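Everything on this sheet refers to the single structure shown next.
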Amino acid sequence: IPVEDFDLVIFGATGDLARRKILPGLYRRFVSGQMPDGAQIIGAARTDQDDAAFQAETRAAIIEFGKVTEGDADLDRFLKHLHYVAIDAKGEGGWKELKSKMREGVVHAFYFSVAPSLFGDIAERLAKHDIADDDSRIVVEKPFGRDLESARALNKVLSQHFDEQQIYRIDHYLGKETVQNLMAVRFANILFEPLWNAQYIDHVQITVAETVGVGGRGSYYDNSGAIRDMVQNHMMQLLCLIAMEPPYHFDPDAVRDEKLKVIRALEPVAPTEIVRGQYQANGEPGYLEDAENPQSRTESYIAMKVRVSNWRWQGTPFYLRTGKKLRARTSEIAITFKEPPHSIFEDAGAAGEPKANELIIRLQPNEGMDLKVMIKEPGPGGMRLVQVPLDMTFADALGPDAADVTDAYERLIMDVIRGNQTLFMRGDEVEAAWAWTDPIIQAWDEGKARPEPYDPGSSGPDEALGLMHRDGRRWREIR
Ligand code: BG6
């Protein structure tokens, strides 16, 4: 079903994110019939080029990143929707031309795929040249600040020209299929919610492991580290969706109010409950070379124990870990329930003892869920118990098309056009998240400690094991 007719302006249209994600994502929405016939995508960047050059560049990007073949018939039709304006974000060049290309009476969306230092300049010029109005939407990318102070400053600058209802702060993890499924599982079933609290859940593990290093984007990454790059935003959002109270409705502010309450309930994390790591050289360049900073104390791995201080979660820790150059690319949330209070199967034997139920939500790969339950091992060997997964791999349950999950970006861009902010972060949420991470980062800066080294292809530094062993628990394997 096509969305409302729109003009989408992409500032930074020649940049990496536009080439890798935004333009290929729009192409996929076009192929699926969601783009109205009149829709315009207007690239805006500093490079001086015409529509044809932008279209050629986009064609190459879609072929490279969108898994599309050269002769694809839809591609030419899609490229006709593309226009280009050379624009000077800090000056006056190009703004009049941009205005002349925009149509009246359609949705206007402006995607700021540029450095945050340009947000204010662009917002100001959109207002000054009367290009944006009260119904326009703006989309801003991460990093949304690097601490509370800078995030506040960004919110302030944007709010001078746009209302909160017009601002779409992207966290692409919220656009992932399984992440939304988390809400469906929690709030569309009676099964889980009664058990979803400290009385029945022993602990939660959230893992986002990557195999890639930071080579190629070292200068950005070295100023961020895993805490700013992954924890303050993506991991925090996952934590919120697991920990939040049921919103009264699946409505943008209802959902975001509940997430905000979780962030505000996070306890400060003691330095002893955090392990930072940095991958070393091992045949291939280590972090220090990738970051081109031999003195760097930035972490490429972090593991931490987090507590949500409210009635529901008192006593249930959340263990978070994320890192680069790890053994496998795996993102999952594992919820470990408590063991049954009493076992009636005395003769079950060591191997057959009842084990705790687990719910594993796999973000990638093999999007889906597993619910681990105990059953009797089939056969005549007596009442021996065995744990089996109730496997809900989407591809198996719903057919191969379900495995071809919509990329997070394409879904989120269409939500902007539809005017649905549910999967976007609100300004107060982002600020609260920084307010929680700021003291952690400050303590590191003051302590000047080096992160623990770990081997590429491992599960991270050994020290991280201790974080759970101390509590009599263990990390799930990364594979
Ligand atoms: C980005 C981070 O926001 O998310 C990257 O800047 C990271 O460092 C990426 O690799 C992970 O996203 P995904 O969708 O590949 O899990």
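Keep in mind that what you see is a predicted model, and the values were worked out from it rather than measured. Note that ligands are numbered from 1 as they come in the structure, with each ligand's atoms numbered from 1 the same way. Each residue takes its place number in the sequence, starting with 1.
Regarding atom 14 (O) of ligand 1, its nearest protein heavy-atom neighbour is Lys176 NZ, 2.6 Å. Considering only non-hydrogen protein atoms, atom 16 (O) of ligand 1 sits nearest to Tyr173 OH, 2.5 Å. With respect to atom 12 (O) of ligand 1, the closest heavy atom belonging to the protein is His172 NE2, 3.2 Å.
No close placement of the Tyr111 and Phe11 rings is indicated, their centers lying 6.0 Å or farther apart. The six-membered or imidazole ring of His203 lies near that of Tyr319, with a centre-to-centre distance under 6.0 Å.
With atom 7 (C) of ligand 1 as the reference point, the heavy atom nearest to it among Arg329, Glu210, Arg228, Lys142 is part of Glu210.
Atoms of ligand 1 found under 4.0 Å from any heavy atom of His234, numbered from 1 in the order shown, are 1 (C), 3 (O), 4 (O). Taking every heavy atom of Lys324 and a limit of under 4.0 angstrom, the matching atoms of ligand 1 come to 5 (C), 7 (C), 8 (O), 10 (O). In the vicinity of Asp229, heavy-atom distances shorter than 4.0 Å reach the ligand 1 atoms 2 (C), 5 (C), 6 (O), 8 (O). Ligand 1 places these atoms under 4.0 Å from at least one heavy atom of Gln364: 13 (P), 16 (O).
Remark: the Arg329 side chain and the Thr211 side chain contain no N/O donor-acceptor pair separated by less than 3.5 Å. Remark: the Gln232 side chain and the Lys142 side chain contain no N/O donor-acceptor pair separated by less than 3.5 Å.
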Next on the checklist: Before you tell me yes or no, could you show the steps for Glu245 and Arg312 under salt bridge (Lys or Arg N to Asp or Glu O under 4.0 Å), namely the whole-Å CA-CA distance, both residues' side-chain angles and the distance that decides it to 0.1 Å?
Outcome noted: CA-CA 9 Å; Glu245 297 299 315; Arg312 186 187 282 258; 2.9 Å; yes

Next on the checklist: Run the side-chain contact (heavy atoms from CB on, under 4.5 Å) test on Phe119 and Val140 for me, step by step, so that the C-alpha distance in whole Å, both residues' side-chain angles and the decisive distance to 0.1 Å come before the verdict.
Outcome noted: CA-CA 8 Å; Phe119 287 1; Val140 292; 3.9 Å; yes

Next on the checklist: Pair Asp222, Asn293 - check side-chain hydrogen bond (donor to acceptor under 3.5 Å, both in side chains), show working.
Outcome noted: CA-CA 8 Å; Asp222 204 42; Asn293 177 5; 2.7 Å; yes

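Not close to ligand 1: Tyr221, with no non-hydrogen atom less than 4.0 angstrom away.
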